[in-house]
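Keep in mind it's a predicted model, so treat the numbers as computed, not measured. Along the sequence shown, residues carry numbers from 1.
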Amino acid sequence: MMRPIRPGLRRDLARTLRRVVRTGFAATTALLIGPSDGGARAEPAGAAAVALVVSVDVSQSVDDSRFVLQMEGIAEALEDPGVIAAMTGHPGGTLFAMVTWADRAGLAVGWRRIASRADAFAAAAQVRVTPRQSGEFTCLGQMFRTVTASVLPAMPVPAERIVVDVSGDGIDNCTDPENLETERTALLAAGATINGLPILVPGENDVVGAGAYRAPGYGLRATPLPQERTDLTQWYRSHVVAGPGAFLLKAAGYGDFSRALRRKFVIEVSGLAPGRRDE
């Protein structure tokens, strides 16, 4: 025959049960939220002010040294005090992701919220260890399609503004003109603004268009350019930059990439008017 439970013991058991319930609820919530990167603190809930997709050309013209300059330039920009102030100065902070693209596009750095200096430095560290993606051609249309179809839908929370920051040193050489415009239009319809950062390399991309290096068979088709001399800036202005507040900012070679990107990040994240539409 069981003995009756003493009143004091009953109270102790009740307190223990309440602690178990609270602990179980917290553990369940943690499982639903999922682990944070590298054991970092849990991200704040709610919408972000800006979602920024940094989209980087890594095609054949980008050798290993240029790839390192790009990754280091992005990392340095993320660590810049002015950029950090812009990214963390709004409620909800900034969502950040990085896409690399050549023959195909891939999400190199998944979505992260930057709401503190530590968040920014953690994102920079991840950029610096990004492996080089193989690829030969400059398939801008494929990148547009990937961002629209898989990168933006994977955003962990909504954002008030979406900015896709496209940098590269060449024109698209594997997408039909009408398809390129279709993919850009679809990305704009998803709510994005597309900004451009053409990297100008004297003697390499002073003139682009007819006769430019292209994927097999593409040279038999119409180029998405007038058949006269034009430059990379003009091509980006016509075929990349679009959407509310869109602008273009040039880098004078790969050595200037970090400087240009720092300035561009501040303008993009803060929502400031860039002055002239391209500089």
L152 vs V147 side-chain heavy atoms within contact, under 4.5 Å: yes
Pairwise distance CG(L197) to CZ(R263) - rounded to 0.5 angstrom: 11.0 Å
Salt bridge (charged side-chain N to carboxylate O under 4.0 Å, His left out): pairs with one or both residues in residues 139-151, sequence neighbours excluded: R145-E183
Interatomic spacing from CZ in R112 to CE in M98 - rounded to 0.5 Å: 11.5 Å
W111 to P156 - nearest heavy-atom pair and separation: CB-CD, 3.6 Å
Side-chain touch F265/L78, heavy atoms, less than 4.5 angstrom: yes
Identified side chain to side chain contact (heavy atoms under 4.5 Å, CB included) counterpart of V109 within the set T100, V127, V54: V127
From OG (S258) to CE (M71), nearest 0.5 Å: 12.0 Å
Beyond-backbone contact of F137 with N173, side-chain heavy atoms, under 4.5 angstrom: yes
Pair I199-K250, side-chain contact (heavy atoms from CB on, under 4.5 Å): steps then yes or no: CA-CA 6 Å; I199 303 170; K250 298 176 284 190; over 6 Å; no
Atom pair OG1 (T94) and CD (E268), whose distance is rounded to the nearest 0.5 Å: 11.0 Å
Intermediate values then yes/no, side-chain hydrogen bond (donor to acceptor under 3.5 Å, both in side chains), Q126 and T130: CA-CA 7 Å; Q126 192 170 357; T130 298; over 6 Å; no
Any pair counted as salt bridge (charged side-chain N to carboxylate O under 4.0 Å, His left out), so long as it reaches residues 149-165, sequence neighbours left out: D165-K264
Residue from T233, I194, V240, N195 passing side chain to side chain contact (heavy atoms under 4.5 Å, CB included) with L248: T233
Heavy-atom closest contact (L232 atom, G168 atom, distance): CD2-O, 3.8 Å
Closest non-hydrogen atom pair between T138 and S59, with its separation: OG1-OG, 3.2 Å
Euclidean distance, L187 CG relative to T148 OG1, rounded to 0.5 Å: 4.0 Å
side-chain hydrogen bond (donor to acceptor under 3.5 Å, both in side chains) between T146 and Q142, intermediate numbers included: CA-CA 6 Å; T146 298; Q142 173 64 42; 3.2 Å; yes
Donor-acceptor contact present, side-chain Y254 to main-chain L200, <3.5 Å: no
Check against side-chain contact (heavy atoms from CB on, under 4.5 Å), F257 and L69: CA-CA 8 Å; F257 181 77; L69 284 171; 6.0 Å; no
L249 versus A260, closest heavy-atom pair with distance: CD2-CB, 3.7 Å
ILVMFWY cluster membership beyond V68 - transitive side-chain contacts under 4.5 angstrom: none
Q70 side chain reached by V62 side chain, heavy atoms, under 4.5 Å: yes
Criterion side-chain contact (heavy atoms from CB on, under 4.5 Å) on L52 and L95, from CA distance to verdict: CA-CA 6 Å; L52 176 63; L95 290 179; over 6 Å; no
Pairwise disulfide (SG to SG under 2.5 Å) hits with a residue in residues 60-94, at least two apart: none
Where at least one partner belongs to residues 82-147, residue pairs that pass disulfide (SG to SG under 2.5 Å), sequence neighbours excluded: C139-C174
Side-chain heavy atoms of L180 within contact of H239, under 4.5 Å: yes
Donor-acceptor under 3.5 Å (N179 side chain, D176 main chain): no
Contact summary for V99 and A105, nearest pair of heavy atoms: CG1-CB, 4.1 Å
Candidate pair S55 and W101, rule side-chain hydrogen bond (donor to acceptor under 3.5 Å, both in side chains), full reasoning: CA-CA 7 Å; S55 178; W101 53 279; 2.9 Å; yes
Minimum heavy-atom distance A51-M155, with the two atoms named: CB-CE, 3.8 Å
F121-V269 co-clustered via ILVMFWY side chain contacts under 4.5 Å: no
F247 vs T193 side-chain heavy atoms within contact, under 4.5 Å: no
Salt bridge (charged side-chain N to carboxylate O under 4.0 Å, His left out) contacts touching residues 54-73 (sequence neighbours left out): D64-R132, R66-D169, R66-E204, E72-R128
Criterion side-chain contact (heavy atoms from CB on, under 4.5 Å) on V163 and V53, from CA distance to verdict: CA-CA 6 Å; V163 177; V53 181; over 6 Å; no
CG on D231 to CZ on R237, rounded to 0.5 Å: 7.5 Å
Cluster check I84, I114: I/L/V/M/F/W/Y, side chain < 4.5 angstrom: no
F67 vs V56 side-chain heavy atoms within contact, under 4.5 Å: no
Any side-chain heavy-atom pair of F144 and V164 under 4.5 Å: no
No-hydrogen, no-angle side-chain donor-acceptor test under 3.5 Å, T182 and E178: no
